[in-house]
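Heads up: the structure comes next, in structure tokens.
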Amino acid sequence: MRYLILSDIHSNQPALDAVLADAAGEFDQIICCGDLVGYGADPNSVVDWARGNVQAVVRGNHDKACAGLDDLEWFNPVARSSAAWTIETLRAENTAYLRELPKGPVAVNGYQILHGSPVDEDEYLVAAQEVARVRFHLQTKLSFFGHTHVQGGFLLTPTGVVRVPKTPPGQDHQVLEFEDDVSYLINPGSVGQPRDGDPRAAYVLYNSEEKWLTYHRVVYDIALAQAKIHEAQLPQMLANRLSNGA
Ligand code: ZN
């Protein structure tokens, strides 16, 4: 099976469109590691699309907040105002869909997906030491996660945890072939709000028979996503940060 692995779409329809066009014909199923909504201006079109096209998905912290399952107190002011706008904007059937999203980890054919960490859906796994602490909670040799908006992830070897770098700026993809004695905790990167210094939309293609995956980056219409954010009168900072991927 060939999987398109996505995370952190964050209501950015132009970025999602670019990913789907770039990956067209290369996958059989679409999997998402959470945060369909929050920050961006297209929550309804992204959730409409997810309802019809995504085979497996876990909820992210923004999905939870925008479905009214979490109070907004712990969000910073910008995230809070985007969540409040999203709550008002979502149609009832889309709110209902977000409300029913399962908490990760969720098992998919032989691997698992989660939003933050295997022990806490809201925890950020950034450093190798943080991964070393939770690695034995992973149920499968391959797991996909999101939340940090940083493409890459970690190789879990018998002797320690090693970072996987993101796709280099001058390239559009990078291959990772699996080895037998290594486990993998893979972050496809963020579709709609990258924070790893590369503003291009991020995704992963995973081939389960041939045991490899490729990290991808694709240019998208950032100006269009920014114009939609202005039009929705969401905080300016949410538009600005898309330009530098930070
Ligand atoms: Zn996110």
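One-based numbering, in listed order, for ligands and for the atoms of each. No experiment lies behind these values; they were computed from the predicted model shown.
Legend: ring-ring contact (aromatic ring centres under 6.0 Å, His included) pairs involving residues 175-199, not counting sequence neighbours, sorted by first then second residue: Phe178-Tyr184, Phe178-Tyr206.
Distances from the Zn ion (ligand 1) under 2.8 Å pick out these protein N/O/S atoms: Asp8 OD1, His10 NE2, Asp35 OD2, His149 NE2.
Scored by the salt bridge (Lys or Arg N to Asp or Glu O under 4.0 Å) test, Glu123 finds Arg133 as partners (sequence neighbours excluded).
Between His10 and His62, the ring planes are perpendicular. Angles over 60° get that label, and only those under 30° would be called parallel.
Using a 4.0 Å cut-off between charged nitrogen and carboxylate oxygen, Lys103 and Asp120 do not count as a salt-bridge pair.
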Which is it for Tyr203 and Asp22 under the side-chain hydrogen bond (donor to acceptor under 3.5 Å, both in side chains) test, yes or no, and what are the steps along the way? CA-CA 10 Å; Tyr203 67 97; Asp22 198 49; 2.6 Å; yes
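Taking Ile, Leu, Val, Met, Phe, Trp and Tyr as members and joining any whose side-chain heavy atoms lie under 4.5 Å apart, directly or through other members, the hydrophobic cluster of Tyr124 also contains Val126.
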